[in-house]
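Written out below as structure tokens is the structure these notes cover.
Lettering follows sequence order; numbering is per chain, from 1.
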Amino acid sequence: MRYLYTMFALVDCNNFYASCERVFNPALRQKPIAILSNNDGCVIARSDEAKALGLPMGAPAFKYKAFFKANNIQLFSSNYALYGDMSSRVMRILEQFSPDVEVYSIDEAFLQLNGFDSYDLHEYGIEMRQRILKWTGIPTCVGVAPTKALTKVANKIARKFPKETGGVYVIDSEEKRIKALKWTQLKDVWGIGPALHKRLSAKQCKTAYDFVQLPDMWVRKTFSITEWKLKKDLEGISKIGPETIKNKRAIATTRSFESAISDVEDIKERISTFACSGAEKLRKQGSSCHMMLIFLRSDYHKKNTEQHRASVVVNIPFPTNSSLTLSANAVKAVASIYKKGIQYKKAGIILTGIVPTDNHQLQLFNHEHPKHLPLMRTIDFINKKYHAPKLKLGNQDLTRTWKMRQEHLSPHYTTNLKDIITVQCP
Amino acid sequence: MSIKTTTPLTFFTPENLNTLGAVYFDTGISAGFPSPAEDFKQERLSLDSELIKNKEATFFARVSGQSMIDAGLNDNDLLVIDRSLSPAHNKIAVCFLDGEFTVKRLKVEKNEVWLQPENKNYQAIQITEENDFVIWGIVTNVIKKV
């Protein structure tokens, strides 16, 4: 029997950074590619071919020099101007398929599919990926299911079996759901981290199916509401809203405003608050980020008012979790996409390019202001003590400029006229 | 001094606006005289909206070489490319051919695909299975410096 309620789709770009490089350098199709972190420190993205060669994620570039050479792996410095632009193209195309697109990270988004009962959702998913591929050159996979956690499972199946699924898998019946859960290894389940995995393994849980067999009460008592929500989601009962599951690769803070905002100062204040909240989440989990995506959008339900959606990607040359740095960059960025006279209804920040704080390389010139660390600790301490964000930032200017090491940087094909591709007429 | 009366360019001046009479301008200005042009305010001409029909699928490229000069594509011209358009016979396309981007007119005959240059000193290229060939996008506009 087919499910008859709201469905979700998860659209995930395949090896996104490597795919972006290939669009403008098609000779690299089927060749191994690795993308290096800021300052060319370590491997942060790999093509399927590089994965197959055994190149691990996070491999330090200097240690793998010989390996890169021996295997003819093409290296790229992170070109966030390019990735950011290609990402916003993909997201805007997705908005043609659903009015409700939740950007989850630079390369993945959830679409809410309300009232699509009469649609063939597999066909619809195929249409999404074909349009994205044709228009932007980026390959994607689509997972469709009645809950977000299940779309993740469906997406994995689509990615694993491209020939059988055509890159789209729809979980739309109990048989398919149970089959998919039995196939999914516990460690691959969205939101199940190493600690949780270890505890569940002790309970003889091997697959997602084993996990949903556990009693509700036990899960709720032993773990927390989040794990219980995850279990319900995997059972096909939608409980996971935006931001329920911590994304290892991105931290999103997005809100719909109670009433529309059109004043730029009000928007800046909101964005600054989101940035601080994101920075706090980073500090709580002991990580830093070097990239953020900021977006603004008007109320698409109000058809008679002027509509505007915009997003921008900010690249920070060093990993940071300082509220000061993130807020200053975010405010500056949001001002650049803001359009006067628009009634904005929703805004958000997605922090991505996340690395553990104590793990990033020491740098001679590019690093966070040393005074920020103790300052942030104090702010966190005080805010925790009062159970409320008592200490906030006044807005500040960003006057510092940075330069970083990018020896393998590809051109900014889509964002700088000097960098566009050249076509030969020999 | 006499002014030359025949000129190839025609100049337009705005029409006289004095005949408007009393009009209420709701421009939020509390004092002073409102601009009579407010009522006629329009968006400025945008080359973006003229040249870019599908923003998400549009990319730019620079021409290098002479093989397309008879189609008006000169060395160093800027091409506007729309990837969402479908390739068809006689369209000018940016293609990726054996390791290089190139721009040519597409000729599709029966089961054969040819890349036709627009310069009599150049020869058409037939695409075979041996070629590494991708049609990357369709050229919609050429922008040139004068």
Practice item. Could you tell me whether A:Lys31 and A:Glu49 have a side-chain N and a carboxylate O separated by less than 4.0 Å? Key: no

Review point. So, A:Ser98 versus A:Asp100: side-chain donor-acceptor pair below 3.5 Å or not?
Key: no

Point to revise | Engaged part of B:Leu73 at the chain A interface, taking heavy atoms whose separation is under 4.5 Å | key: neither

Exercise for review: Heavy-atom pairs under 4.5 Å with chain B are the metric here; pick the option from A:Met86, A:Lys134, A:Arg29 that has the most.
Suggested key: A:Lys134

Revision key, fill the gap. Bottom line for A:Leu417: the part with an atom under 4.5 Å from chain B's heavy atoms is both

Practice item. Against chain A, work out which of B:Gly99, B:Pro117, B:Gly65 has the most heavy-atom pairs shorter than 4.5 Å and name it. Key: B:Gly65

Check your understanding: A:Arg92 and A:Glu95: salt bridge (Lys or Arg N to Asp or Glu O under 4.0 Å), yes or no, with the steps?
Key -> CA-CA 5 Å; A:Arg92 278 168 161 277; A:Glu95 283 169 356; 5.4 Å; no

Check your understanding: If you draw the axis of the six-membered ring of B:Phe59, does the NZ or CZ of A:Arg89 fall within 45° of it and under 6.0 Å from the ring centre?
Key -> yes

Check your understanding: Which atoms of B:Leu97 come close to chain A, meaning under 4.5 Å heavy atom to heavy atom: side chain ones, backbone ones, both, or neither?
Key -> neither

Revision key, fill the gap. Honestly, the part of B:Phe96 sitting under 4.5 Å from a heavy atom of chain A is side chain

Exercise for review: Pick out which of B:Thr58, B:Asn54, B:Ile138 makes a side-chain contact (heavy atoms from CB on, under 4.5 Å) with B:Ser84.
Suggested key: B:Asn54

**Study point:** Cation-aromatic face contact B:Arg83/B:Trp136, 6.0 Å, 45 degrees
**Key:** yes

Practice item. Go through the atoms of A:Arg131 and report whether side chain, backbone, both or neither lie under 4.5 Å from a heavy atom of chain B. Key: neither

Review point. Do B:Ser46 and B:Asp48 get their side chains close enough for a donor-acceptor pair, meaning under 3.5 Å?
Key: no

Exercise for review: Measure B:Val63 against the heavy atoms of chain A and call it side chain, backbone, both or neither at under 4.5 Å.
Suggested key: both

Review point. Between A:Tyr344 and A:His308, is the gap from one ring center to the other below 6.0 Å?
Key: yes

Review point. Non-hydrogen atoms of chain B under 4.5 Å away: do they reach the side chain of A:Leu133, the backbone, both or neither?
Key: backbone

Review point. Can we call the ring centroids of A:Phe97 and A:Tyr119 under 6.0 Å apart?
Key: no

Revision key, fill the gap. Under 4.5 Å to a heavy atom of chain A? For B:Val134 that would be side chain

**Study point:** B:Lys55 versus chain A, the contacting section by heavy-atom distance below 4.5 Å
**Key:** both

**Study point:** Proximity breakdown for A:Val90 and chain B, heavy-atom pairs closer than 4.5 Å
**Key:** neither

Point to revise | Side chain, backbone, both or neither of A:Thr136 within contact of chain B (heavy atoms, under 4.5 Å) | key: both

